[in-house]
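Worksheet: one structure, shown below.
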Protein chains: 2
Amino acid sequence: MRKLAFTPEVLELIAERFKALSEPARLQILQCLRSGERTVTELVDETGFGQANVSKHLQHLFNLGFVRRRKEGLFTYYSLAGKSVLQLCDTMCGRLEAEMKVRNRMLAG
Amino acid sequence: MRKLAFTPEVLELIAERFKALSEPARLQILQCLRSGERTVTELVDETGFGQANVSKHLQHLFNLGFVRRRKEGLFTYYSLAGKSVLQLCDTMCGRLEAEMKVRNRMLAG
DNA sequence: TTTATACATCACTATACAGTAATATAGTAG
DNA sequence: CTACTATATTACTGTATAGTGATGTATAAA
């Protein structure tokens with residue numbers, strides 16, 4: 001199995017996926033899904049965002065393969081498509097902590 | 001050492017950092033830096049982007065702690081601030097490969 | 001059938017930002 | 001000093017998209 005080369009075309013696809021994670025609303029939705037699948041209405045209630053807004057964000061995340069969905073009667077249950085999304089968030093959060101540590105050290109020193 | 005909680009405020013900071021990686025031009029610049037530090041002009045030549053454009057992208061990456069810089073005479077040498085950026089790109093690339101594999105399977109099946 | 005619920009989609013507005021040309025700043029050379 | 005080079009910054013334009021209200025669609029219940 002060959003690794004993809006970082007050609008400009010591949011970088012564009014990668015950028016598109018990072019962009020999906022560059023919205024606080026979508027990140028918040030993903031964090032809600034950390035503990036299991038949710039209906040759209042549940043996500044609306046938990047996040048406080050509008051229904052149309054949440055629905056659009058979910059479509060976006062679904063199209064890029066970040067979440068799965070399952071229809072059951074009137075409801076659509078969304079869930080995480082894998083753990084790598086959370087891993088990305090955690091890695092970025094680690095960067096953030098490191099950044100803050102540096103900042104604090106500069107204030108102290 | 002405590003882990004940061006994913007509050008809306010923290011998610012906003014994380015989103016801001018993902019957004020920095022959501023631009024093909026910035027990703028391409030980061031990939032150029034994979035093999036070592038570069039001056040702005042070198043990056044302009046390697047990427048083909050305009051000088052002002054590259055300079056702005058580098059400021060952006062610097063402000064968020066993704067790259068370091070070192071001034072020497074007329075030149076400013078930029079380099080990666082750590083390996084986690086590349087790790088993020090690689091993880092996202094892995095996701096992309098998996099996505100493509102699923103797509104191919106659907107076409108075949 | 002009608003009514004209600006859950007979700008998706010459309011049309012619109014406002015905002016953010018990538019790219020660019022021009023200019024500013026700062027260091028070097030003559 | 002002047003002239004040149006490397007980088008940063010400013011002002012502007014075009015484009016993408018988040019959010020919203022209204023509407024559409026599908027399922028369930030009465």
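Sequence lines set the chain letters: A, B, ... in the order given, protein chains first and strands last, and positions in each chain run from 1.
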In terms of hydrophobic clusters joined by side-chain contacts under 4.5 Å, are [X] and [Y] together?
X: A/Leu74; Y: A/Val44; answer: no
X: A/Leu80; Y: A/Tyr77; answer: no
X: A/Leu86; Y: B/Leu21; answer: yes

Next item on the list: Just jot down the side chain to side chain contact (heavy atoms under 4.5 Å, CB included) partners of B/Arg68, sequence neighbours excluded, or say none.
Entry: B/Ser79, B/Ala81
Notebook entry, point to check: Which ones in residues 65-80 of chain B lie close to DNA chain D, meaning a heavy atom under 4.0 Å from one of its atoms?
Noted result: B/Arg69, B/Leu74, B/Phe75, B/Thr76, B/Tyr78
Next item on the list: Name the first nucleotide and the last nucleotide along DNA chain C (5' to 3') that come under 4.0 Å of a heavy atom in chain A.
Entry: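 On DNA chain C, the outermost contacted nucleotides are C/dT5 to C/dT9.
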Notebook entry, point to check: For residues B/Gln59 and B/Arg69, is any side-chain donor paired with an opposing acceptor at under 3.5 Å?
Noted result: yes
Check: At how many degrees, to 10°, do the end axes of the helix from C/dT1-D/dA30 to C/dG30-D/dC1 meet when each uses five pairs?
Finding: 10°
Notebook entry, point to check: What string of B, S and - do you get for nucleotides 16-23 of chain D, 5' to 3', when a contact is any protein heavy atom under 4.0 Å?
Noted result: --SBBBB-
Restricting to non-hydrogen atoms, name the atom on [X] and the atom on [Y] that form the minimum distance, rounded to 0.1 Å.
X: A/Ile29; Y: A/Leu58; answer: CG2-CD2, 3.8 Å
X: A/Phe62; Y: A/Val67; answer: CD1-O, 3.3 Å
X: B/Leu4; Y: A/Cys93; answer: CB-SG, 3.8 Å

Check: Would you call A/Arg95 and B/Phe66 a side-chain contact if the rule is heavy atoms closer than 4.5 Å?
Finding: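 A/Arg95 reaches B/Phe66 side chain to side chain.
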Note to self: A side-chain contact here means heavy atoms from C-beta on lying under 4.5 Å apart; do A/Gln28 and A/Phe49 qualify?
What the structure shows: yes
Check: Quick one: salt bridge (charged side-chain N to carboxylate O under 4.0 Å, His left out) pairs with a partner in residues 33-45 of chain A, sequence neighbours left out?
Finding: A/Arg34-A/Asp90, A/Glu37-A/Arg70, A/Arg38-A/Glu46
Notebook entry, point to check: Does any N or O in the side chain of A/Arg17 come within less than 3.5 Å of the main-chain N or O of A/Leu13, such that one atom is a donor and the other an acceptor?
Noted result: yes
